[in-house]
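Only heavy atoms go into these numbers, but all of them, side chains included; no hydrogens, no water, no symmetry mates. Since we're looking at a predicted model, the values are computed, not measured.
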Amino acid sequence: MSQTYREGDVTVQIDIYEDGEGGWLLEIVDENNNSTVWEDSFDTEQEALDEALDALREEGIAAFVGPVQEADEHW
């Protein structure tokens, strides 16, 4: 259920993967490889996807886009 989400000219990747304990983890990764990871797991892939889409629509894609980092920088 992982997929690309686009708003205007900005794109993020929604990644959903198993946590090894029967749950599903959610991560949104921007074009600069910055990521936002949810702390809690979800019971199903669909619940994780629904949460990602709701968050992107409510908060806007810009909330999930970090700065461009140089190779030796940390933020």
Side-chain angles (χ1 to χ4, degrees):
M1 298 200 97
S2 295
Q3 58 187 262
T4 300
Y5 179 88
R6 184 176 183 89
E7 188 175 297
D9 61 350
V10 179
T11 302
V12 295
Q13 177 66 33
I14 300 171
D15 289 327
I16 300 168
Y17 43 92
E18 290 183 80
D19 67 2
E21 299 177 5
W24 295 91
L25 300 175
L26 172 60
E27 178 178 20
I28 295 179
V29 182
D30 72 10
E31 295 170 329
N32 302 312
N33 213 28
N34 298 302
S35 70
T36 302
V37 180
W38 273 246
E39 290 182 19
D40 297 323
S41 63
F42 297 86
D43 291 333
T44 67
E45 286 179 281
Q46 187 62 55
E47 286 178 9
L49 178 59
D50 291 345
E51 173 65 23
L53 294 174
D54 287 346
L56 285 160
R57 290 180 190 127
E58 289 174 16
E59 297 179 39
I61 199 168
F64 298 93
V65 176
V68 176
Q69 295 181 25
E70 298 299 324
D72 58 348
E73 286 186 48
H74 301 285
W75 65 286

Name every donor-acceptor pair, under 3.5 Å, that has one atom in a side chain of residues 43-55 and the other anywhere in the protein, sequence neighbours excluded.
| residue | atom | partner | partner atom | Å |
| --- | --- | --- | --- | --- |
| T44 | OG1 | E47 | N | 3.0 |
| Q46 | NE2 | D50 | OD1 | 2.7 |
| E47 | OE1 | D43 | N | 3.3 |
| E51 | OE2 | W38 | NE1 | 3.2 |

In terms of heavy-atom contacts, V29 and N33 come closest through CG1-OD1, 3.6 Å
Rounding to 0.5 Å, atoms CD1 (I28) and OG1 (T36) come to a distance of 6.5 Å
- Query: Do V10 and L56 belong to the same hydrophobic cluster, where Ile, Leu, Val, Met, Phe, Trp and Tyr are linked whenever their side-chain heavy atoms lie under 4.5 Å apart, directly or via other members?
  - Reply: yes
| query | Taking the side chain from N32 and the backbone from V65, do they hold a donor-acceptor pair closer than 3.5 Å? | reply | no
| said: Test side-chain contact (heavy atoms from CB on, under 4.5 Å) on V37 and L25; report intermediate values, then the result. | reply: CA-CA 8 Å; V37 180; L25 300 175; 5.9 Å; no
Could you tabulate the donor-acceptor pairs under 3.5 Å formed by side-chain atoms of residues 2-9, not counting sequence neighbours?
| residue | atom | partner | partner atom | Å |
| --- | --- | --- | --- | --- |
| S2 | OG | I16 | N | 2.9 |
| S2 | OG | I16 | O | 3.4 |
| Q3 | NE2 | M1 | O | 3.3 |
| T4 | OG1 | Q13 | OE1 | 3.0 |
| R6 | NE | G8 | O | 3.2 |
| R6 | NH1 | T11 | OG1 | 2.9 |

